[in-house]
Amino acid sequence: MDRPLRVLIVEDSLTMGEFLLQSLQLTDGRLTAEHCTSLAAAVSRVVEGGVDVMLLDLMLPDAADVEAVEAIQQLAPELPIVVLSSLGPEIEERVLKAGAQEYLDKGDHHSPQELTYAMRRAVIRNEVEQKYYKAWAGLDSTARAVEEVSKLDEKYQAVRDEVVSSLEKGKK
Amino acid sequence: MNRPLQVLLVEDNVQASSLLTRLITLVDPLVAVEETSSLAGCLDKLKEKSYSVVLLDLMLPDTGGLSGLKAIQDQYPELPVVVLTGTGEDYRWVAMEMGAQDYLNKGPEVTGPAVVRCLRHAVIRHEVRMKFRRAIAGQHDTETELRKAEQLSAEYSRRRVET
């Protein structure tokens, strides 16, 4: 897996953020990371573009709980999010339902390699999902086009029957 | 995450299979595991009933490599599959690119809690995906209705001008 990976770490602790940044870059030579400490800063950075995946802490000075996931999802639904949190397993279902690709608990002491694997998995899974969404959107429009054509066909048939019957009446 | 889950475990090593089933059900009694030892057995079971997720070993007596995953996905493209393998890193990223929800390497990654979490996450992600699908379909319905309303409104204006 040697694709470049541009990671945005969103973590309010400067020490933790710097540690993650250094250890992830050391573990995966194709990975480059940036660090910001608030949701507002993350939003600005995402808007600029050039981020492949976000590694997101949930306890930020300007967002708590799943707020940050929801905000980023709304802003950039195609950006995969890996949540790294110490809020415990009771929040993981909500995080995933809000659209995050992965939930990792800080208490599980994940190694830098596990974190990079989780982010690469999230990116690939997200790409597959985007393909699905495009295919489904295409399928839906095709199905609707077929439906419209068959309705038109019915109308045509009705008009034709009407014309034929009035012609027959005329003959009589 | 305390909903029941139906897991189909496809693993040809009977001892490994029953050990894994025990590990999973010990960690989470709401997870029901059914076992089968071949791809053919897996496809038969999928025909009979629906499962929440498939936990698939890649090396089976009637298939090897990624063909098992492909066969399942060809027939059940929307069924979440988690790959469980002893073949190391060989297929990790390709399996994911093919649409596997996750990839577990037999060994340190396969602890009871890790497998249960992985299965439950796969199912939740699948539900989110289906919700998106419904949203896409709903969006198209709204667009069609809007187009119809626009046509009706244009027709109404035209007739009003004519009268």
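Here is the naming used below: chain letters follow the sequence lines, and residue numbers restart at 1 for every chain.
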Student: Please say which of V33(B), L9(B), L5(B), L46(B) ends up in a side-chain contact (heavy atoms from CB on, under 4.5 Å) with Y51(B).
Tutor: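 Filter result, single survivor: L46(B).
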
Student: Hey, what do you get for CG (L84(A)) to CG (L55(A)), rounding to the nearest 0.5 Å?
Tutor: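 If we round to the nearest 0.5 Å, L84(A):CG and L55(A):CG are 5.0 Å apart.
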
Student: Chain B heavy atoms under 4.5 Å from Q101(A): which part of the residue, side chain, backbone, both or neither?
Tutor: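 Both parts, backbone and side chain.
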
Student: Applying a criterion of heavy atom separation less than 4.5 Å, what residues of residues 56-79 of chain B form contacts with chain A?
Tutor: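 Only P77(B), E78(B) of residues 56-79 of chain B have a heavy atom under 4.5 Å from chain A.
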
Student: Salt bridge between K45(B) and E48(B), side-chain N to carboxylate O under 4.0 Å?
Tutor: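 A salt bridge is absent here (no side-chain N lies under 4.0 Å from a carboxylate O).
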
Student: Assess whether a salt bridge exists between R120(B) and E92(A), defined as any Lys/Arg side-chain N lying under 4.0 Å from an Asp/Glu carboxylate O.
Tutor: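 So R120(B) does not pair with E92(A) through a salt bridge.
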
Student: For the pair F132(B) and Y133(A), name the ring-plane relationship: parallel under 30°, tilted 30 to 60°, perpendicular over 60°.
Tutor: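 Taking Y133(A) first and then F132(B), their aromatic rings lie parallel (interplane angle under 30°).
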
Student: Using a strict cut-off of less than 4.0 Å between a Lys/Arg side-chain nitrogen and an Asp/Glu carboxylate oxygen, indicate whether R125(B) and D102(B) qualify as a salt bridge.
Tutor: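 A salt bridge links R125(B) with D102(B).
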
Student: Against chain B, label Y132(A) side chain, backbone, both or neither, depending on which of its atoms sit under 4.5 Å from a heavy atom there.
Tutor: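 The answer is the side chain of Y132(A).
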
Student: Between Q22(A) and E18(A), is any side-chain donor less than 3.5 angstrom from a side-chain acceptor?
Tutor: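 Yes, a side-chain donor-acceptor pair sits under 3.5 Å.
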
